[in-house]
Amino acid sequence: MESTVNNQEIEKQRVNSPKWYANWRIITASIIFIIVLFIAAGSYYQASHFNSQIKINGIKVGGITAEQALTKLKATVLTNVIYVGDQQILDGQDTKMVFSDQDLPNIKKLLKNQWTFFPSSKAKDYSLMPSNQDQYRNQTLKKQVEEKLLAMNKGLKAPQDAVVRLQQGKITVTSSISGEQYDVASLLKDYEQHKYISEIRLNPVYIQPIKEDSEFVKNQQKKFEEFLAQTVGYKVQNKVFTLKASELIKNATISKDLQIKMDDAGDIKKRIAEINNAQSTLNKDFKFKTHSGSVISVKGKGYGWAIDVDKEVPRIMKAFENGKKSVSASNIYGHGWNGEGYGFETTTNNGIGHTYAEVSIAAQRMWIYKNGKLVATTNVVTGKHSTGHDTTPGVWYILYKQSPAILTGRENGKITYQAPVNYWVPFTNDGQGIHDASWRGNWGSKAYLTAGSHGCVNTPPSIMKTVYNSLSAYDPVVVY
């Protein structure tokens with residue numbers, strides 16, 4: 001009841017006091033205007049000034065404008081000190097940040113991003129790179145950091161990778177060992193991503209060894225398993241010998257690109273030597289079926305071949321390393337004029353083939369076979385037995401053919417005779433051969449004993465042309 005009376009009294013006074021009411025409205029409006037003006041001013045300030053705890057590249061910009069922040073950044077000195085962890089590794093020269101007026105829009109963006117309606121004390125450190133490239137930081141200092149890290153690594157313990165090897169025919173894996181050397185590439189990558197501040201602190205990253213349980217090591221083991229499962233077919237004449245890696249190779253290493261390299265020949269040399277001994281004809285006796293059908297043994301002389309084992313071994317090793325499936329023997333030698341071997345391509349008739357000359361000293365007769373058929377036979381006179389000029393027994397080969405020719409005899413370095421012949425077929429390196437002898441009158445079966453040649457096979461001129469035309473260079477000549 002009392003409240004109602006008071007309100008009525010106030011209303012009565014208001015009606016009776018219009019001036020007081022007008023003044024109250026003006027005061028209220030003024031207060032509101034001041035508040036709005038204050039808020040507007042504060043909003044403008046907030047929009048044009050950084051909050052108190054804002055930093056750019058570690059530089060305090062709280063309470064200043066974007067323009068002022070740019071000026072401060074331009075003046076900031078970079079000490080360019082480099083740390084790896086807590087260890088200082090380099091103190092570069094002092095430089096200024098290379099900010100320019102071109103960077104003002106980016107600073108204004110940061111100003112806009114950090115804006116809050118009411119002032120905020122929330123800390124925030126923005127990272128901003130200048131538009132212009134800092135040549136010193138990006139090139140010179142970076143290069144110095146790289147060189148310093150590489151130099152430091154020389155004095156630090158290197159990590160040891162797990163190593164896969166073939167040892168004594170077994171695949172082994174040695175354990176990895178950690179090291180102390182820095183992973184320079186990773187640290188440089190960290191350097192490139194670092195904030196644009198005075199001190200650059202890089203997190204230590206170390207070169208990690210290849211672990212024994214890694215996929216890389218497993219791939220190396222698998223490669224070795226495939227390597228040991230290999231076989232190489234070694235072809236010698238018309239035979240192929242299977243060479244097994246698991247039996248012949250004992251020690252090998254493998255590279256990071258999975259290339260296997262043998263440490264030694266293992267048992268390859270021994271195996272090639274066995275094949276050579278079984279197949280070669282050099283210095284061996286040839287089984288020879290004579291014109292009469294009897295089988296005799298004749299020592300290989302100029303004719304015959306053998307494998308140069310020492311030269312073949314590297315070829316076999318490389319074949320295994322490169323995954324080749326077959327290799328043909330190629331390093332063949334013998335008693336040829338230049339050390340070449342003859343008869344390697346011949347596999348029939350116990351290595352003599354079916355085209356050859358057969359000379360019997362005892363019978364003083366010669367038989368010429370071509371492609372297995374007898375094409376000529378004749379009496380001959382071989383080397384003089386009484387003076388030791390015997391035609392040398394053995395399996396020889398025709399060095400070459402010449403028609404006509406002049407035969408020159410020498411004794412103790414002196415020429416003893418010169419005789420022209422129509423056909424000359426030499427088969428020894430010291431000058432024995434088959435030729436016509438127009439000067440000979442005695443063609444008897446015993447003439448060779450005291451009236452024989454100087455070692456050649458004298459042949460009647462009437463048949464020598466047939467003999468000459470039936471034989472070719474490198475055909476065997478069997479003398480027994």
Side-chain angles (χ1 to χ4, degrees), residues 84-85 145-147 149-193 202-235 240-272 275 309-330:
V84 175
V145 171
E146 179 181 16
E147 291 173 349
L149 289 170
L150 292 173
M152 292 172 64
N153 272 352
K154 292 180 179 179
L156 298 173
K157 179 183 175 183
Q160 295 183 27
D161 296 334
V163 178
V164 184
R165 290 190 180 93
L166 182 66
Q167 293 181 310
Q168 298 304 313
K170 294 183 178 180
I171 302 171
T172 62
V173 181
T174 59
S175 299
S176 62
I177 300 175
S178 297
E180 300 170 339
Q181 291 183 335
Y182 292 110
D183 185 339
V184 177
S186 294
L187 288 173
L188 290 177
K189 188 174 181 180
D190 185 13
Y191 174 93
E192 292 172 353
Q193 302 300 319
L202 306 175
N203 293 321
V205 181
Y206 301 97
I207 299 174
Q208 295 300 309
I210 297 174
K211 303 290 186 180
E212 48 270 30
D213 59 350
S214 66
E215 193 66 25
F216 179 78
V217 167
K218 291 177 182 178
N219 287 337
Q220 287 187 320
Q221 290 176 293
K222 182 179 178 181
K223 185 70 175 180
F224 262 129
E225 291 168 358
E226 294 171 351
F227 178 74
L228 289 176
Q230 283 187 108
T231 60
V232 172
Y234 185 54
K235 186 178 181 181
V240 177
F241 299 87
T242 300
L243 307 179
K244 296 181 179 181
S246 59
E247 296 177 353
L248 303 177
I249 302 173
K250 303 301 180 185
N251 302 293
T253 57
I254 187 168
S255 65
K256 289 186 176 181
D257 58 355
L258 300 182
Q259 294 298 310
I260 292 176
K261 185 73 174 178
M262 295 171 59
D263 293 344
D264 51 55
D267 290 335
I268 292 177
K269 184 174 182 178
K270 178 181 177 182
R271 182 66 181 123
I272 300 302
I275 294 171
V309 175
D310 288 336
K311 290 183 178 179
E312 284 292 273
V313 168
R315 296 181 66 239
I316 304 301
M317 293 172 65
K318 188 163 289 187
F320 277 115
E321 290 172 352
N322 296 338
K324 290 185 67 174
K325 298 298 182 183
S326 62
V327 175
S328 295
S330 67

At what distance, to the nearest 0.5 angstrom, does [atom1] of [X] lie from [atom2] of [Y]?
| X | Y | atom1 | atom2 | value |
| --- | --- | --- | --- | --- |
| S246 | E225 | OG | CD | 12.5 Å |
| K223 | L228 | NZ | CG | 12.0 Å |
| L166 | Q221 | CG | CD | 12.0 Å |
| F224 | N219 | CZ | CG | 13.0 Å |
| T242 | E247 | OG1 | CD | 9.5 Å |
| L149 | S186 | CG | OG | 11.0 Å |

Who are the salt bridge (charged side-chain N to carboxylate O under 4.0 Å, His left out) partners of [X], not counting sequence neighbours?
| X | result |
| --- | --- |
| D190 | none |
| R165 | none |
| E146 | K143 |
| E192 | K142 |

Side chain proximity check, [X] to [Y], heavy atoms < 4.5 angstrom:
| X | Y | value |
| --- | --- | --- |
| P159 | Q208 | no |
| L248 | I316 | no |
| S178 | K211 | yes |
| K218 | K222 | no |
| K318 | V327 | no |
| S330 | E312 | yes |
| V163 | T253 | no |
| I254 | F227 | no |

Between the side chain of [X] and the main-chain N/O of [Y], is any donor-acceptor distance below 3.5 Å?
| X | Y | result |
| --- | --- | --- |
| R315 | A329 | no |
| S326 | G233 | no |
| E212 | S176 | yes |
| E180 | L156 | no |

Look at the rings of Y206 and Y182 and say which category their plane angle falls in: under 30° parallel, 30 to 60° tilted, over 60° perpendicular.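 The rings of Y206 and Y182 lie parallel, inter-plane angle below 30°.
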What do the steps show when you test K256 against D161 for side-chain contact (heavy atoms from CB on, under 4.5 Å), and what is the final call? CA-CA 11 Å; K256 289 186 176 181; D161 296 334; 3.8 Å; yes
Qualifying residues under side-chain contact (heavy atoms from CB on, under 4.5 Å), relative to K170, sequence neighbours excluded: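 side-chain contact (heavy atoms from CB on, under 4.5 Å) list for K170, sorted by chain: empty.
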Smallest separation among heavy atoms of [X] and [Y], with atom names:
| X | Y | value |
| --- | --- | --- |
| I210 | S214 | CG2-OG, 3.5 Å |
| L187 | N203 | CD2-O, 3.1 Å |
| V232 | K324 | CG2-O, 3.4 Å |

Residues 260-271, side-chain donor-acceptor partners within the protein, below 3.5 Å, at least two apart:
{"unit_1": "D264", "atom_1": "OD1", "unit_2": "G266", "atom_2": "N", "d": "2.9"}
{"unit_1": "D264", "atom_1": "OD2", "unit_2": "N251", "atom_2": "ND2", "d": "3.1"}
{"unit_1": "K269", "atom_1": "NZ", "unit_2": "D310", "atom_2": "OD1", "d": "3.0"}
{"unit_1": "R271", "atom_1": "NH1", "unit_2": "E274", "atom_2": "OE1", "d": "3.3"}

